[in-house]
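Worksheet: the structure to be examined is printed underneath.
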2 protein chains.
Amino acid sequence: MSIISPSHYICFKLSRAMRKVQRYYEVNLVPLEITAVQFYVISSLWETDGIKFKELAQKLSMDGATLTGILDRLERQRFVTRKDDPEDRRSVLVFLAEKSLAQRDEFRRLAETLDNEIRDQFNSQDFATFSRMLDQIGQD
Amino acid sequence: MSIISPSHYICFKLSRAMRKVQRYYEVNLVPLEITAVQFYVISSLWETDGIKFKELAQKLSMDGATLTGILDRLERQRFVTRKDDPEDRRSVLVFLAEKSLAQRDEFRRLAETLDNEIRDQFNSQDFATFSRMLDQIGQD
DNA sequence: CCTCGTTTGTTTGTATACGAATATTGTAGT
DNA sequence: ACTACAATATTCGTATACAAACAAACGAGG
């Protein structure tokens with residue numbers, strides 16, 4: 001069996017590309033004092049404010065234990081708030097706080113700029129294939 | 001400006017797909033007592049045993065601080081050993097230990113099986129485009 | 001009601017990931 | 001030989017990521 005470099009494994013390629021893009025996002029998100037993952041959480045809340053913790057985790061394909069920590073930090077920085085669900089005492093509802101609502105357009109503009117800068121590096125048909133495959137791999 | 005779900009951002013798609021694939025790898029790597037990232041390190045060493053720490057980090061597009069921790073754990077589990085570089089006292093050389101050499105073919109077979117199982121889910125032309133784009137994004 | 005299994009969110013432990021600071025060593029220029 | 005800067009690996013602090021264990025609350029069936 002011939003020797004295969006890690007750079008031939010699709011899992012490694014994915015990991016490397018993801019780290020590269022995420023680092024690029026995070027460098028540019030520094031002035032907003034937010035990480036890329038935290039931005040995804042806030043984006044989800046713009047779509048559905050007051051969503052249940054469980055549903056938020058599903059929307060983000062994220063482990064609940066991971067989301068707990070992320071919400072802890074977002075709450076500490078006053079980007080979101082947790083409230084008890086009046087209909088189920090086990091459940092927690094997550095809301096955007098003032099600080100997120102106030103900066104909504106800045107966040108969004110920057111995120112779309114970053115996304116477009118990646119997109120512009122590729123032939124649009126290739127990019128469509130790429131995006132579709134990422135969705136297919138990432139689907140639940 | 002319309003509301004955009006995080007699932008439309010390419011960075012989120014990449015992150016989600018990468019986590020999914022990596023989790024799949026790691027579930028199957030459990031019996032070998034090794035993580036996906038640790039497998040990449042060992043694969044690199046199969047190509048170039050006794051490589052310099054710095055070069056290993058570059059080969060893996062990995063931050064040195066991250067690699068230090070990974071080597072600590074691999075060394076503790078006796079998969080690799082560190083040795084002083086006789087030509088530069090700042091530098092460290094990384095070698096495979098017996099335990100890695102002995103299981104080389106098992107590791108390789110499993111990794112290729114997992115890789116092929118991903119690959120087989122797609123049209124081969126689409127997969128080629130996908131792979132090429134991951135390389136392009138991930139290049140230094 | 002009561003009990004038992006399930007659901008929900010958190011906590012804990014471990015493993016990446018990376019910026020910043022650090023200690024040590026190398027090297028170029030004088 | 002000295003100085004100043006550069007390169008190397010580690011350490012520290014913080015943020016994901018996830019499995020496993022946990023506490024609290026729900027709900028179906030008796």
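The chains referred to below are lettered A, B, ... by the order of the sequence lines, with proteins before strands, and numbering in each begins at 1. A quick note: this is a predicted structure, and the numbers were derived from the prediction, not measured.
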Q | Value in whole Å for how far the C1' atom of dT14(D) lies from CD of Glu26(A) | A | 11 Å
**Q.** Cationic N near anionic O, under 4.0 Å, Arg119(A) to Asp115(A)
**A.** yes
**Q.** dA17(D) phosphate, OP1 or OP2, under 4.0 Å from Thr66(A) side-chain N/O
**A.** no
**Q.** Residue mapping more 5' on DNA chain D - nearest nucleotide basis, Leu71(B) or Arg19(B)
**A.** Leu71(B)
Q: Could you tell me the separation between the NZ atom of Lys54(A) and the P atom of dT7(C), rounded to a whole number of Å?
A: 8 Å
Q | Closest to side chain of Gln38(A), choosing from dT16(C), dA15(D), dA19(D) | A | dA15(D)
**Q.** Spacing of Glu55(A) atom CD relative to dT7(C) atom C1', expressed in whole Å
**A.** 13 Å
Q | Gap between atoms CG and P, on Asp72(B) and dC12(D) respectively (whole Å) | A | 12 Å
Q: Could you check how far CD1 of Ile42(A) sits from P of dT16(D), rounded to whole Å?
A: 11 Å
Q: Select base, sugar-phosphate, or nothing to describe what Leu67(B) touches, counting heavy atoms under 4.0 Å on all strands.
A: nothing
(Q) Can you tell me which nucleotide in dA20(D), dG19(C), dA17(D) comes closest to the side chain of Met62(A)? (A) dA17(D)
Q. Should Thr68(B) be listed as having a side-chain N or O under 4.0 Å from OP1 or OP2 of dT11(D)?
A. no
(Q) Ignoring hydrogens and geometry beyond distance, is a side-chain donor-acceptor pair present between Ser7(A) and Lys13(A) at under 3.5 Å? (A) no
Q.
Any carboxylate oxygen within less than 4.0 angstrom of a Lys/Arg side-chain nitrogen, looking at Glu55(B) and Lys59(B)?
A. no
Q: Round to a whole Å and report the spacing from NZ of Lys20(B) to P of dA17(D).
A: 16 Å
Q: Name the closest nucleotide to the Met18(B) side chain, picking from dT16(C), dG9(C), dA17(C).
A: dA17(C)
Q) Whole Å only: how far is the CG atom of Leu29(B) from the P atom of dA17(D)? A) 20 Å
Q: For Ala65(B) and for Ile70(B), find the nucleotide of DNA chain C with the closest heavy atom, then tell me which residue's nucleotide is more 5'.
A: Ile70(B)
Q: Round to a whole Å and report the spacing from CG of Asp63(B) to P of dT10(D).
A: 12 Å
Q) Which parts of residues 73-96 of chain A get close to DNA chain D, meaning a heavy atom less than 4.0 angstrom away? A) Arg73(A), Arg76(A), Asp88(A), Arg89(A), Arg90(A)
Q: Considering only NZ, NE, NH1 and NH2 on the basic side and carboxylate oxygens on the acidic side, decide whether Arg89(B) and Asp85(B) come within less than 4.0 Å.
A: no
Q.
Does this structure show an ion pair linking Lys52(B) with Asp88(B), if we count only N-O contacts that are shorter than 4.0 Å?
A. no
(Q) Counting the benzene-type ring for Trp, do Phe12(A) and Phe39(B) have ring centres under 6.0 Å apart? (A) no
Q) How would you label the contact of Gln22(B) with the nucleic acid (heavy atoms, under 4.0 Å): base, sugar-phosphate, or nothing? A) nothing
Q) Where do Asp140(A) and Ser61(A) land on the side-chain contact (heavy atoms from CB on, under 4.5 Å) test, with the steps shown first? A) CA-CA 8 Å; Asp140(A) 298 321; Ser61(A) 304; 3.8 Å; yes
